[in-house]
Amino acid sequence: MRKPGNLIILTAPSGTGKSTLVHLLLERISNLVFSVSYTTRAPRTHEAHGRDYYFVDARKFAEMVDEGRFLEWAPVHGNNYGTCEELLNEHLEAGRDVLLDIDIHGANQVQRKRTDAVSIFLLPPTFEELKRRLEGRATETPGSIQCRLERARREVLHYEEFDYVVINEMTESSFDELRAIIGAERCRPDCRKDRIADIISTFVEKKEKVL
Ligand code: ADP
Ligand code: 5GP
């Protein structure tokens, strides 16, 4: 049987640079896929349905909650976001590592249900820099930026609940750290069982057949 892929949770205050890093990781690391979430939020101009999110209305989202289709879901900045369990399992069972870009509440739910998940918290270098990045992205109204910054003040206090912390100062250095974490997880004995079994089998002494 194929070894399931690793589940990697990436959490950060909005504006830290998570999407920027996720794009780089997907572009440069093989056998790594993104878990496309469902959301009730409206798409931003550059976003595509099925690639960045599945954009659905509140009724469809509530229906999926009732049907128990989400591994986790949470309200974030006035909209609902959720991870579809079936889509996630398809990737994992195919042996692909899956990247989940989810908020703190979602991360906590996944950590409880999937104890083998690897969790990474991305921290912006300072509050001021986070504000600059959110304003620079120019996708939010001033009210929405304020709401994200207020939430960030609470979110950063949760860093200890994660397996790793990456401080996103320079994108390239953060990318290197994330690649190292994903690479290290792939070296766990459990992830290499099949290959190891083949190697060990070459070490087993063969008994000569006595005629
Ligand atoms: P998130 O997905 O965490 O909300 P984004 O990836 O959309 O954040 O980044 C927010 C803004 O900050 C974008 O305008 C992006 O170009 C910029 N940005 C991302 N990473 C960095 C970085 N390391 N240094 C400076 N600006 C960054
Ligand atoms: P944005 O609207 O900026 O794309 O995302 C807002 C926040 O929602 C981010 O913190 C992001 O990590 C989080 N988010 C995206 N998808 C999910 C999801 O499926 N579940 C949860 N709990 N949070 C999500």
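Just so you know, ligand 1 is whichever comes first in the structure, and atom 1 is the first atom listed for that ligand.
Listed by number with element, the atoms of ligand 1 under 4.0 angstrom from any heavy atom of Ser14 are 4 (O). Listed by atom number, the atoms of ligand 1 under 4.0 Å from Lys18 heavy atoms are 1 (P), 2 (O), 3 (O), 6 (O), 8 (O).
Looking only at protein heavy atoms, the nearest one to atom 6 (C) of ligand 2 is Tyr81 OH, 3.7 Å. Distance from atom 19 (O) of ligand 2 to its nearest protein heavy atom, with residue and atom name: Ser37 OG, 2.6 Å. Annotation: atom 9 (C) of ligand 2 to nearest protein heavy atom, Lys18 NZ, 3.7 Å. Scanning all protein heavy atoms for the shortest distance to atom 7 (C) of ligand 2 gives Val76 CG1, 3.7 Å. Among all non-hydrogen protein atoms, the one lying nearest atom 3 (O) of ligand 2 is Arg44 NH2, 2.9 Å. Asp101 OD1, 2.6 Å is the protein heavy atom nearest to atom 12 (O) of ligand 2. If you check which protein heavy atom lies closest to atom 23 (N) of ligand 2, you get Asp103 N, 3.1 Å.
A heavy-atom separation below 4.0 Å is found between Tyr53 and ligand 2.
Between the side chain of His91 and the backbone N or O of Arg96 there is no donor-acceptor pair closer than 3.5 Å.
Across all non-hydrogen atoms, the minimal contact from Ser174 to Glu169 is OG-N, 4.0 Å.
For His23, there are no ring pair (Phe, Tyr, Trp, His ring centres under 6.0 Å) partners two or more places apart in sequence or in a different chain.
The hydrophobic side chain of Met170 is isolated, with no ILVMFWY side chain under 4.5 Å apart from it.
The N/O atoms of Gly17, backbone and side chain alike, include one that comes under 3.5 Å of an N/O atom in ligand 1. Residue contacts with ligand 2: Glu47 is placed with no nitrogen or oxygen under 3.5 Å of a nitrogen or oxygen of the ligand (distance criterion only).
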